[in-house]
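Since this is a predicted model, take the numbers as computed values, not measurements.
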Amino acid sequence: MSRPHIEFIQAQVLPWEPNSWREGTQAKILSHDQETGALSSLVAYPSLWQADQIKTTVDEEIYVLDGELKINGDSFKSGCYGFLPAGFCRSISTEAGAVVLSFLELSSSDSPDEYPHMLRLDTHDMPWSDATDPNVIQARVGLKELRVDPRTSERTWILKMDVEDGERFAINGIERHPVVEELFILEGDITMATGRLRQGAYFWRPPMIPHGPTAVEGRFVGFFRCRGGAFETFWSDFDTQVIWDHKYKPILPKAIREKAFDADEQTRKY
């Protein structure tokens, strides 16, 4: 697999760079597949930015973190999700600027005609569905399903764990998934073996990587994607003790390490 394991990096410690695939914007590269060109990044659109009649040869998923974009006249404010299929023609503009999570992937469709339309969801208007996995149900887990690919069963979703103030919840089992798992933290924090992931943390985890235990105190909200098929969780038949003060022990490729200018700084805005 040509995309390296990243677990985890705080986006705050990565520099903004000129965005080579969308002229006039800046980007923080979160992960990149050198073989396929697939790219996960944060994109900063400056005020009064505009481009007309854009077409891409790849699918593009976006989630607006801050500000507002207009895409073919439709407003995408903070909390809006969009799926823009390969070949879909769009005009994009912003008045006051925007910061956007962006994911570029090769299309699973043999023909762009299978996905002729843009998908737009305001996630603030979507209800939370209940978790069904008995291993996590005590954490008051909620889900918002954003998209399931009709050909591959690959998913994009938002997940929350909402623990009562002053309480802690630990998932002591070790998990594995048969597909790639990707996460960007929108709110709160979560503790894993590589440290405490705070708002702005990102990981890209290859299939079948064991991970856990996991611990939450307060509220956690994350933007998740899986690639390579349907998402499943295989649990260990034993429990592991949570360590709440794990030191930061990232798994990072050299390119990410070289760009991170202060890996201990947790407060710099996206």
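- Between the side chains of Ser78 and Asp66, no donor-acceptor pair of N or O atoms lies under 3.5 Å.
- Partners of His32 according to the ring-ring contact (aromatic ring centres under 6.0 Å, His included) rule, which considers only residues two or more places apart in sequence or in another chain, do not exist here.
- Between the side chains of Glu145 and Ser129, no donor N or O sits under 3.5 Å from an acceptor N or O.
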Please test Met126 against Leu146 for side chain to side chain contact (heavy atoms under 4.5 Å, CB included), starting from the C-alpha separation and ending with a verdict.
CA-CA 9 Å; Met126 299 174 64; Leu146 302 181; 3.9 Å; yes
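- Looking at His177 and Pro207, their side chains never come closer than 4.5 Å, going by heavy atoms from C-beta outward.
- Under the 3.5 Å distance criterion, with hydrogens and angles disregarded, a donor-acceptor pair is assigned to the side chains of Arg196 and Thr191.
- Summarising the geometry of Leu197 relative to Leu183, their closest heavy-atom pair is CD2-CD2, 4.4 Å, with the distance given to 0.1 Å.
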Could you walk me through whether Trp235 and Asp237 pass side chain to side chain donor-acceptor pair (under 3.5 Å), step by step?
CA-CA 6 Å; Trp235 291 96; Asp237 56 4; over 6 Å; no
With side chain to side chain contact (heavy atoms under 4.5 Å, CB included) as the test, would you mind laying out the steps for Phe184 and Leu30 before giving the verdict?
CA-CA 10 Å; Phe184 186 90; Leu30 301 174; 4.2 Å; yes
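- Across all non-hydrogen atoms, the minimal contact from Ser236 to Phe238 is OG-O, 2.7 Å.
- With respect to Ile71, the side chain to side chain contact (heavy atoms under 4.5 Å, CB included) criterion is satisfied by exactly one of Ile54, Thr94, Leu84: Leu84.
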Please test Gln241 against Asn172 for side chain to side chain contact (heavy atoms under 4.5 Å, CB included), starting from the C-alpha separation and ending with a verdict.
CA-CA 6 Å; Gln241 185 66 37; Asn172 293 304; 5.5 Å; no
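- Using modelled atom types, one finds no donor on one side chain facing an acceptor on the other under 3.5 Å when comparing Arg205 with His5.
- Formation of a donor-acceptor pair under 3.5 Å by the Glu217 side chain with backbone atoms of Phe169 is not found in this model.
- Side chains of Leu186 and Tyr63 form a contact here, defined as non-hydrogen atoms less than 4.5 Å apart.
- The number of heavy-atom neighbours closer than 6.0 Å to CD of Glu95, taken from other residues, nucleotides and ligands shown, is 12 or below.
- With values rounded to the nearest 0.5 angstrom, Ile92 atom CD1 is found 12.0 Å from Asp74 atom CG.
- A donor-acceptor pair under 3.5 Å is formed between the side chain of His211 and the backbone N or O of Ile209.
- Annotation: side chain of Leu143 is not in contact with side chain of Ile158 (no heavy-atom distance under 4.5 Å).
- A donor-acceptor contact shorter than 3.5 Å is absent between the side chain of Lys55 and the backbone of Arg90.
- Cation-pi check for Arg120 over Tyr81 is not met; the charged atom does not lie both under 6.0 angstrom from the ring centroid and within 45 degrees of its normal.
- Under the 30°/60° scheme for interplanar angles, the aromatic rings of Phe223 and Phe103 are found to lie parallel.
- Cation-pi geometry between Arg176 and Phe234 is not satisfied (NZ or CZ under 6.0 Å from the ring centre, within 45° of the ring normal).
- The shortest distance between side-chain heavy atoms of Pro85 and Asp59 falls below 4.5 Å.
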Return a table of donor-acceptor pairs under 3.5 angstrom between the side chains of residues 38-45 and protein atoms on other chains or two or more places apart.
unit_1 : atom_1 : unit_2 : atom_2 : d
Ser40  : OG     : Arg3   : NH1    : 3.1
Ser40  : OG     : Glu182 : OE2    : 2.5
Tyr45  : OH     : Arg22  : NH1    : 3.0

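- For the ring-ring contact (aromatic ring centres under 6.0 Å, His included) test, residues two or more places apart in sequence or in another chain that qualify with Phe224 are Trp157.
- For the pair Leu14 and Gln12, the minimum side-chain heavy-atom distance is 4.5 Å or more.
- Just one of Glu154, Glu181, Glu105 meets the salt bridge (charged side-chain N to carboxylate O under 4.0 Å, His left out) condition when paired with Arg225; it is Glu105.
- Ion pairing between a basic and an acidic side chain is recognised when a charged N comes within 4.0 Å of a carboxylate O; Glu61 and Arg227 show such pairing.
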Steps toward side chain to side chain contact (heavy atoms under 4.5 Å, CB included) verdict (Val163, Arg168)
CA-CA 7 Å; Val163 181; Arg168 289 176 164 183; 5.8 Å; no
